[in-house]
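Okay, structure first, notes after.
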Number of protein chains: 4
Amino acid sequence: MAQKNYCISKETSKQPHNGSNPVNNVCKFFTAIPMQRSRPLQQAEPDLNSRILTAAQHLFARQGFEKTTTRQLAEKAGVAEGTLFRHFDNKKSILAAVVTQGWSEMLTDLLTELSEVASYKAVSKVMQKRMLHLHEHGDMMRVCFMEAQYHPELRERIETDVIGKMQSVTEAFIQTGIDRGVYRSLNPELVARIFLGMFMIAGFSQDTLTEARSPKEQKDMAELLADVFLHGILAPAC
Amino acid sequence: MAQKNYCISKETSKQPHNGSNPVNNVCKFFTAIPMQRSRPLQQAEPDLNSRILTAAQHLFARQGFEKTTTRQLAEKAGVAEGTLFRHFDNKKSILAAVVTQGWSEMLTDLLTELSEVASYKAVSKVMQKRMLHLHEHGDMMRVCFMEAQYHPELRERIETDVIGKMQSVTEAFIQTGIDRGVYRSLNPELVARIFLGMFMIAGFSQDTLTEARSPKEQKDMAELLADVFLHGILAPAC
Amino acid sequence: MAQKNYCISKETSKQPHNGSNPVNNVCKFFTAIPMQRSRPLQQAEPDLNSRILTAAQHLFARQGFEKTTTRQLAEKAGVAEGTLFRHFDNKKSILAAVVTQGWSEMLTDLLTELSEVASYKAVSKVMQKRMLHLHEHGDMMRVCFMEAQYHPELRERIETDVIGKMQSVTEAFIQTGIDRGVYRSLNPELVARIFLGMFMIAGFSQDTLTEARSPKEQKDMAELLADVFLHGILAPAC
Amino acid sequence: MAQKNYCISKETSKQPHNGSNPVNNVCKFFTAIPMQRSRPLQQAEPDLNSRILTAAQHLFARQGFEKTTTRQLAEKAGVAEGTLFRHFDNKKSILAAVVTQGWSEMLTDLLTELSEVASYKAVSKVMQKRMLHLHEHGDMMRVCFMEAQYHPELRERIETDVIGKMQSVTEAFIQTGIDRGVYRSLNPELVARIFLGMFMIAGFSQDTLTEARSPKEQKDMAELLADVFLHGILAPAC
DNA sequence: AATGAATGAGCGTTCATTCAT
DNA sequence: AATGAATGAACGCTCATTCAT
């Protein structure tokens with residue numbers, strides 16, 4: 001799937017001119033995934049639709065999918081219970097919609113920044129910045145991580161459409177960093193996985209297994225995480 | 001809670017003699033957490049008790065707490081449904097018991113290895129080894145991570161009794177590494193958090209958001225993770 | 001309601017000249033039964049109205065009243081769901097309309113034939129012919145028989161307006177047959193009921209409790225039914 | 001209300017001695033049809049089981065299957081709603097159980113009497129007697145006729161297990177009557193159908209499309225029906 | 001006049017929990 | 001101590017009906 005022989009090669013110019021940044025090749029990477037009802041009323045009331053999804057994201061993130069009743073969902077969204085089922089075929093496809101929608105923005109942001117990064121050493125800056133924005137998508141991410149466990153179709157979709165995309169883009173980026181001699185000669189697939197995993201740590205550290213952290217602490221954590229990662233993969237200077 | 005001013009100091013001897021290893025001070029750190037029913041019949045049938053918990057761990061990990069019915073639980077444990085409620089006050093306290101039990105071994109193992117580590121540079125070996133053993137506790141950990149989200153009392157307990165313990169032990173370890181000049185002068189609290197977070201990456205990479213990895217891949221990942229972490233925190237050699 | 005003293009009297013002429021056929025007296029027997037909404041828009045769109053009724057007859061006959069949703073009804077009729085309620089007060093009054101409409105033709109046909117019957121021995125021909133036309137009204141009849149069970153107002157209306165009419169006309173016819181000595185001296189009320197009941201047998205035999213019969217079989221059944229009935233009531237020839 | 005015994009005709013001989021009565025060959029004709037849940041608790045509480053079925057028979061007959069809610073069912077049966085689903089897989093299988101159970105007795109009675117009938121001319125006595133007992137099974141029959149319309153699996157079962165049985169036994173009986181020259185030479189299959197259909201007339205006349213008849217009227221109707229049928233099929237005496 | 005999105009009461013069904021055995 | 005039948009609150013979902021457009 002990904003190139004496997006990764007090895008030494010010096011980075012000559014610190015400035016990866018856009019044309020050579022491998023991330024660009026992978027952009028325009030995913031398309032809308034329709035998962036709502038097939039009846040023609042799909043986009044009829046975008047307002048209600050997104051009110052429902054927002055409510056769902058919030059509740060699912062806090063109580064889990066199973067514990068959230070359609071009654072609660074309707075109330076939080078400010079609609080009648082029956083209305084939910086006019087917009088989505090069933091409760092589960094609300095989950096699916098929550099999960100599918102929202103990644104797009106996150107994904108685009110990350111890839112954009114990666115493609116515009118000034119120097120391979122600046123990868124830590126990207127990481128840092130993205131981490132600090134993580135909580136904007138906190139609910140959605142929590143829903144994804146949690147519920148993907150129990151809903152294989154969902155997991156598959158996330159893996160294919162989101163993780164897979166991120167993984168391959170990051171991998172290409174890392175590979176180039178290695179080729180240029182900036183990064184140590186490590187397995188880029190796994191490094192990419194670690195890169196992405198770092199966001200998990202950040203995410204969980206922020207608000208999952210811990211009381212909500214202060215912004216300062218979040219910033220420190222993000223910085224350190226990015227720094228440790230960068231030092232961890234950087235080729236020895238001397 | 002933890003010492004804050006961490007700074008430069010050279011490690012003189014590569015051999016941390018046991019007496020000075022800070023981890024030892026924290027050992028014998030946690031005690032059994034009773035969360036079962038108060039009625040006197042508590043420990044009546046230890047056999048049944050653990051059969052139930054094993055079944056629960058398995059089912060909760062695969063289907064989630066909410067989706068697991070007491071009927072399934074009873075069937076898998078080979079007891080009558082009513083029997084569950086002789087041994088536990090209610091379904092939730094089965095979850096609580098699953099979550100509290102099992103950490104002890106994991107925790108002890110980690111701390112033992114940390115306390116016996118030959119050199120601060122060998123921290124990656126500990127990490128690696130622990131990661132490869134992670135899947136032995138996979139079910140329990142999955143249950144913890146997942147369900148802690150939705151059950152604040154549970155989360156608090158895990159944080160206090162498990163994460164907190166690990167955190168402070170690891171922190172002390174890191175601090176000493178820093179003091180000895182082996183590690184870069186970083187915030188030990190956060191570094192400890194990253195250390196622990198690395199296990200999360202490993203755990204999730206192994207079997208959560210991804211198809212089950214081959215042992216070889218798991219080993220590679222564990223190695224790389226440990227390596228990147230070590231490089232990430234090691235003081236520059238030159 | 002119906003004449004009660006039925007007894008022996010010889011039929012002198014085999015030709016009941018129209019004027020003396022008792023059926024004629026009862027003709028012009030029933031009037032439109034209004035059961036739709038009182039709002040002035042009642043007859044506004046006769047086209048839609050009958051499209052709805054046709055759809056309803058079809059669906060009610062196949063799925064029953066309760067199982068047929070207004071959505072299906074609207075779709076089959078090619079109108080919007082809301083439109084149904086402009087034309088009828090509620091779902092039940094669609095049933096009422098289906099049930100009341102359509103009898104008229106059936107009734108008229110039967111009575112016409114009965115009034116024109118050449119000889120009392122020819123009743124069986126009438127019966128036969130009517131039976132073969134039964135399936136034209138199959139849907140409506142099925143709806144009536146089935147739903148009348150559960151809707152007393154409906155049943156009452158059908159009894160009064162339809163069965164009652166048929167019953168009394170037939171009864172008069174039978175009475176005359178008896179008076180003329182063509183038929184055995186039986187209770188004409190009950191004979192009339194049997195006469196009508198024979199249609200039920202035919203109807204049910206055709207398509208209810210049995211796979212759809214071939215035309216040939218239907219014809220045979222109709223013939224036999226008519227024949228057995230005629231033999232059953234005919235005065236002994238010798 | 002109506003005059004009773006109008007008409008005469010003597011049976012001269014034709015005594016079918018039991019051994020030659022063809023009905024006997026078909027007896028022991030049907031077996032229990034299990035349609036309740038497969039879980040082992042099947043016969044656990046026969047009391048509740050039949051209380052539920054009795055309640056269901058009553059309610060389904062009066063309101064129809066769809067209109068009867070499980071709430072009502074439970075209340076009438078004097079059990080909790082959940083209990084229904086401990087005894088039956090779902091609402092529909094309660095219907096199935098109602099339909100399957102109860103025919104057996106009816107069927108046995110009819111066939112027993114048919115097999116013991118003293119003379120082929122006495123067939124009308126059997127018919128009469130059975131008709132008068134019809135209302136004992138009124139609810140069950142009504143449920144069957146009504147709901148069979150809308151539930152093909154049910155219909156098929158009734159056709160095969162009940163109607164089919166009755167039909168073939170009756171047919172054999174009729175055939176023999178014809179062979180002996182007692183009955184006119186008619187299609188025995190269709191005659192059998194008429195024979196059975198007569199019960200339908202009786203059933204519907206008794207309480208379906210008509211207000212409940214008085215016992216006297218019922219008796220008259222049964223007598224007449226049987227008489228008309230007998231005369232209808234009897235070979236001419238002279 | 002016709003529409004169809006919105007409604008919410010009420011459906012069939014599940015399942016954690018109780019308790020008589 | 002163990003059982004499992006009974007319970008009933010609460011679930012996800014349907015659908016006849018309303019009403020703003």
Side-chain angles (χ1 to χ4, degrees), chain A residues 39-41 44-45 47-49 66-75 78-94, chain B residues 39-41 44-45 47-48 66-75 78-94, chain C residues 39-41 44-45 47-48 65-75 78-94, chain D residues 39-41 44-45 47-49 66-75 77-94:
Chain A
R39 304 192 208 160
L41 33 92
E45 181 44 300
D47 211 37
L48 280 201
N49 226 302
E66 300 292 344
K67 273 278 237 187
T68 302
T69 71
T70 51
R71 227 85 92 187
Q72 289 175 307
L73 217 43
E75 188 176 9
V79 300
E81 216 174 336
T83 304
L84 298 180
F85 296 94
R86 216 161 225 294
H87 289 255
F88 299 91
D89 275 335
N90 47 43
K91 190 187 168 194
K92 191 153 183 180
S93 66
I94 299 182
Chain B
R39 306 189 207 162
L41 33 93
E45 178 46 298
D47 207 37
L48 282 201
E66 299 292 344
K67 278 276 243 187
T68 302
T69 70
T70 51
R71 202 203 287 267
Q72 291 176 307
L73 222 41
E75 188 176 7
V79 300
E81 229 175 322
T83 305
L84 298 180
F85 295 91
R86 284 211 144 260
H87 289 256
F88 298 91
D89 274 337
N90 48 40
K91 191 186 167 194
K92 191 153 182 180
S93 66
I94 299 181
Chain C
R39 305 188 207 163
L41 33 94
E45 179 45 299
D47 207 38
L48 283 200
F65 173 72
E66 299 292 344
K67 278 276 244 186
T68 302
T69 69
T70 50
R71 202 203 288 267
Q72 291 176 307
L73 221 43
E75 188 175 8
V79 300
E81 229 176 322
T83 305
L84 298 180
F85 295 90
R86 285 211 143 260
H87 289 256
F88 299 90
D89 274 337
N90 49 40
K91 190 185 169 195
K92 191 154 180 180
S93 66
I94 299 180
Chain D
R39 304 190 207 160
L41 33 94
E45 180 45 298
D47 210 38
L48 280 201
N49 227 301
E66 299 292 345
K67 274 278 239 188
T68 302
T69 70
T70 52
R71 228 85 95 187
Q72 290 176 306
L73 218 42
E75 188 177 9
V79 300
E81 218 173 334
T83 304
L84 298 180
F85 295 94
R86 217 162 222 295
H87 289 255
F88 299 91
D89 275 335
N90 47 42
K91 191 187 168 194
K92 191 153 183 180
S93 68
I94 299 181

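Here is how names work: the chains are called A, B, and so on, in the same order as the sequence lines, proteins then strands, and each is numbered from 1.
A distance of 8.5 Å separates CD in C:E75 from OG1 in C:T69, rounded to the nearest 0.5 Å. Of the inter-residue distances, the one linking B:L84 atom CG with B:R71 atom CZ reads 12.0 Å to the nearest 0.5 angstrom. Separation of atoms OG1 (A:T83) and CZ (A:F88) is listed at 11.5 Å; rounding is to 0.5 Å.
One interatomic measurement links the two molecules: CG of D:L73 to P of E:dC11, which rounds to 12 Å at whole-angstrom precision. Taking atom CD on B:E75 and atom P on F:dT3, their separation rounds to 13 Å, with Å as the unit. Going from atom CG of B:L84 over to atom P of E:dT18 covers 12 Å, rounded to whole Å. Across the protein-nucleic acid pair, C:D89 atom CG and F:dA16 atom C1' stand 13 Å apart, rounded to whole Å. The interatomic distance linking C:K92 (NZ) with F:dT17 (P) rounds to 11 Å, in whole Å. At whole-Å resolution of the value, CD1 in D:I94 and C1' in E:dG12 are 10 Å apart. Atoms CZ (D:F85) and C1' (E:dC11) sit 10 Å apart, rounded to a whole Å. In this structure, A:Q72 atom CD and F:dC11 atom C1' are separated by 11 Å, rounded to whole Å.
At least one side-chain nitrogen or oxygen of A:R86 sits closer than 4.0 Å to the OP1 or OP2 atom of E:dA5. In this model, the phosphate group of E:dC15 is not approached by any side-chain N or O of B:T70 to a distance below 4.0 Å at OP1 or OP2. At the phosphate of E:dA5, neither OP1 nor OP2 sits under 4.0 Å from any side-chain N or O atom of A:H87.
Closest approach of B:F85 and B:N90 over heavy atoms only: CE2-CA, 3.8 Å. When every heavy atom of A:Q72 is checked against every heavy atom of A:K67, the shortest pair comes out as OE1-O, 3.4 Å. Annotation for A:T70 and A:E81: closest pair OG1-OE2, 2.8 Å, computed over non-hydrogen atoms.
Comparing A:T68 and D:G78 along DNA chain F, the residue whose closest nucleotide (by nearest heavy atom) sits nearer the 5' end is D:G78.
Judged by distance alone, with hydrogens and angles left aside, the side-chain atoms of B:K91 form a donor-acceptor pair with the main-chain N or O of B:T68 at under 3.5 Å.
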TODO: Let me have DNA chain E in dot-bracket notation, would you? Count Watson-Crick plus G-U wobble pairs, both distances under 3.5 Å, and use [ ] for pairs crossing earlier ones and | for inter-strand partners.
DONE: .||||||||||||||||||||
Polar atom pairs between nucleotides 8-10 of chain E and protein, under 3.5 Å, N or O only, would you list them?
unit_1, atom_1, unit_2, atom_2, d
E:dG8, N7, A:G82, N, 3.3
E:dG10, O6, A:R71, NH1, 3.2

Open item on the list: Please determine whether side-chain contact (heavy atoms from CB on, under 4.5 Å) holds for the pair D:E66 and C:F65, giving the CA-CA distance in whole Å, both sets of side-chain angles, and the decisive distance to 0.1 Å.
Closed with: CA-CA 9 Å; D:E66 299 292 345; C:F65 173 72; over 6 Å; no
